[in-house]
Amino acid sequence: MRTVCRVTLAFCLAAGLLLVPATAPSTANAAAPPGPGTHKRTLTMGGFWQRDYLLHVPPGRTSAPQPLVIALHGGLDDMNYIRRQSGLDEVADQNGFLVAYPDGFMRTWNAGGCCWFARMAGIDDVGFLDSLIDTLVREGLADPRRIYLTGFSNGGGMAYRYACERSSRVAAVGVVSGSLAVECAPRDPVPVIAFHGTADFSVPYGGGGNQDWNNPEPFPPVAAVMEFWRTANRLPPLHRITLDTAKTTCRSTGRTTGRDGSGAEVEFCTIFDGGHEWPSGQVDPEVMASPLIWRFLSGHERRG
């Protein structure tokens, strides 16, 4: 069975690689400024490889650039799935920000140690996200000081990777059921909020498992990931309780001057008995992750 799986994976990967260019510059499909609603758009990478994304524009958008949240789907999901899963359209409409939902390569992201097709093909997803941000900023839609990433599972790991490698571009990051799967040395402070269930067996809360089907490196404990970001941002311990229900506890460093006087912050929400899912009232009816993520993200912007 394992041999069959490997042959199938190799075939799919080879087929996908036929579509991958050697270089990664991109152009966006030319169009009039999008009105309210959700629009399917395309970035052309390397002159011919098209990568799709959805762009949600809130009602009442003015000509001024708006905050942008890039939402990255989980492994083997897609842009439509995370749009439904997260419910971010509604939060965006209520608060006036853009949401971009890009598609990963063969429904996966190269987050470093994970995952599947994108990782094995060596896809430059950091470059793809660069191109997506550059396009929306160039079109006057996105405010470069308020670029945020969020993601689920493999997409959460990709959000972390982008924050590690492009810390000067990211105002803040929100991760759900994801892990850090790459060596990380951010040049600038990055505010981070994370949600994770104690009964998550895909990305175990206490660490362990394999990061990918052919990568036996275990996931680090989620607490260790949050400690990494706290230390990288030079912040105090996560002693401040921001939310405490029967099933969820959120702890924060609080807004402090932190590294370089940035006002960075780290917040960690534990969902007791929560599984590998985007918190939307399944385990704790009092906790909806998306509004809480936006509350956190919107409190931060890049300086300069």
Side-chain angles (χ1 to χ4, degrees), residues 24-45 47 50-73 78-80 82-103 125-151 155 158-159 162-163 166-174 188-191 193 255 262-265 288-304:
S26 68
T27 57
N29 48 331
T38 302
H39 310 265
K40 184 175 181 180
R41 308 182 100 208
T42 300
L43 283 176
T44 303
M45 310 291 291
Q50 293 190 332
R51 296 194 65 170
D52 295 334
Y53 67 100
L54 300 175
L55 180 67
H56 183 77
V57 180
R61 187 182 77 83
T62 68
S63 59
Q66 292 182 297
L68 169 66
V69 174
I70 300 175
L72 305 175
H73 62 75
D78 62 15
M79 59 189 183
N80 293 295
I82 193 169
R83 182 185 173 213
R84 296 190 303 269
Q85 178 189 39
S86 66
L88 277 167
D89 285 4
E90 182 180 354
V91 182
D93 289 348
Q94 292 170 352
N95 294 277
F97 61 90
L98 304 170
V99 190
Y101 304 96
D103 255 351
D125 279 321
V126 171
F128 169 53
L129 294 175
D130 281 341
S131 296
L132 176 59
I133 293 168
D134 288 344
T135 296
L136 297 177
V137 169
R138 184 173 60 249
E139 292 179 354
L141 299 173
D143 180 350
R145 298 170 305 156
R146 295 181 290 172
I147 304 295
Y148 309 105
L149 269 71
T150 188
M158 189 64 228
Y162 194 81
R166 297 291 189 270
S167 57
S168 63
R169 301 200 77 177
V170 178
V173 168
D188 297 292
V190 181
I193 184 171
R255 286 291 294 270
S262 65
E265 180 182 8
M288 308 289 283
S290 292
L292 293 173
I293 288 172
W294 174 247
R295 173 194 58 78
F296 181 91
L297 299 180
S298 63
H300 301 276
E301 64 179 61
R302 299 297 325 167
R303 295 179 298 171

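If you're wondering where the values come from, they're calculated on a predicted model, not measured in any experiment.
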Item to check | side-chain contact (heavy atoms from CB on, under 4.5 Å) between Val126 and Met158, worked out | outcome: CA-CA 8 Å; Val126 171; Met158 189 64 228; 3.8 Å; yes

Checklist entry - Are Arg146 and Phe97 in a cation-pi setup, meaning NZ or CZ lies under 6.0 angstrom from the ring centre and within 45 degrees of the ring axis? => result no

Checklist entry - Does the salt bridge (Lys or Arg N to Asp or Glu O under 4.0 Å) test come out yes or no for Asp125 and Arg51, once each step is laid out? => result CA-CA 11 Å; Asp125 279 321; Arg51 296 194 65 170; 3.0 Å; yes

Checklist entry - Would a 4.5 Å heavy-atom cut-off, applied to side chains only, mark Val99 and Leu55 as touching? => result no

What side-chain donor-acceptor pairs closer than 3.5 Å can you find for residues 166-174, not counting sequence neighbours?
| from | atom 1 | to | atom 2 | distance (Å) |
| --- | --- | --- | --- | --- |
| Arg166 | NE | Asp130 | OD1 | 3.2 |
| Arg166 | NE | Asp130 | OD2 | 3.0 |
| Arg166 | NH2 | Asp130 | OD2 | 2.9 |
| Ser167 | OG | Arg187 | N | 3.1 |
| Ser167 | OG | Asp188 | N | 3.0 |
| Arg169 | NH1 | Asp130 | OD1 | 3.4 |
| Arg169 | NH1 | Asp134 | OD1 | 3.2 |
| Arg169 | NH2 | Asp134 | OD1 | 2.7 |

Item to check | Approximate separation, where rounding is to 0.5 Å, of Met79 CE and Leu72 CG | outcome: 13.0 Å

Checklist entry - How long is the gap from CD1 on Ile70 to OG1 on Thr150, to the nearest 0.5 Å? => result 11.0 Å

Next on the checklist: Can you confirm whether Asp93 sits close enough to Pro59 that some side-chain heavy atom of one is under 4.5 Å from a side-chain heavy atom of the other?
Outcome noted: yes

Checklist entry - Does the side chain of Gln66 reach to within under 4.5 Å of the side chain of Pro58, using non-hydrogen atoms? => result yes

Checklist entry - Given Arg41 and Asp52, is the salt bridge (Lys or Arg N to Asp or Glu O under 4.0 Å) satisfied, shown in steps? => result CA-CA 6 Å; Arg41 308 182 100 208; Asp52 295 334; over 6 Å; no

Checklist outcome for this item: Taken in chain and number order and not counting sequence neighbours, the residues that satisfy side-chain hydrogen bond (donor to acceptor under 3.5 Å, both in side chains) with Ser86 are none

Item to check | Closest approach of Gly96 to Pro67 (non-hydrogen atoms, all atoms of both residues) | outcome: O-CD, 3.9 Å

Item to check | Atom pair OG1/CG of Thr135 and Leu141 - distance to nearest 0.5 Å | outcome: 10.0 Å

Next on the checklist: Nearest 0.5 angstrom please: Leu132 CG to Leu43 CG, how far?
Outcome noted: 5.5 Å

Next on the checklist: Strictly below 4.0 Å, N to O, side chains only: are Asp143 and Arg302 in salt-bridge contact?
Outcome noted: no

Item to check | Single hit among Glu301, His300, Arg255 for side chain to side chain contact (heavy atoms under 4.5 Å, CB included) with Pro191 | outcome: His300

Checklist entry - Hey, what do you get for CD (Gln50) to OG1 (Thr44), rounding to the nearest 0.5 Å? => result 4.5 Å

Item to check | Stepwise side-chain contact (heavy atoms from CB on, under 4.5 Å) test for Leu149 and Leu129 | outcome: CA-CA 10 Å; Leu149 269 71; Leu129 294 175; 4.2 Å; yes

Checklist entry - Where do Ala100 and Pro102 come nearest, in terms of heavy atoms and distance? => result O-CD, 3.4 Å

Next on the checklist: Restricting to side chain to side chain contact (heavy atoms under 4.5 Å, CB included), what partner residues turn up for Asp78, sequence neighbours left out?
Outcome noted: Asn80, Tyr81, Asp103, Arg107

Checklist entry - Any chance CD of Gln94 has more than 12 other-residue heavy atoms, nucleotides or ligands included, within less than 6.0 Å? => result yes

Checklist entry - If you round to the nearest 0.5 Å, how far is OH of Tyr162 from CZ of Phe128? => result 11.0 Å

Checklist entry - How would you list, by chain and number, every residue that makes a side-chain hydrogen bond (donor to acceptor under 3.5 Å, both in side chains) with Asn95, sequence neighbours excluded? => result none

Checklist entry - For Tyr148, which residues count as a ring pair (Phe, Tyr, Trp, His ring centres under 6.0 Å) partner, sequence neighbours excluded? => result Trp294

Checklist outcome for this item: For Asp89, the side chain to side chain contact (heavy atoms under 4.5 Å, CB included) test, sequence neighbours excluded, returns Thr38, His56, Arg83, Tyr101

Checklist entry - Could you walk me through whether Leu98 and Val69 pass the side-chain contact (heavy atoms from CB on, under 4.5 Å) check? => result CA-CA 6 Å; Leu98 304 170; Val69 174; over 6 Å; no

Checklist entry - What pairs with Arg84 under salt bridge (charged side-chain N to carboxylate O under 4.0 Å, His left out), at least two apart in sequence or on another chain? => result none

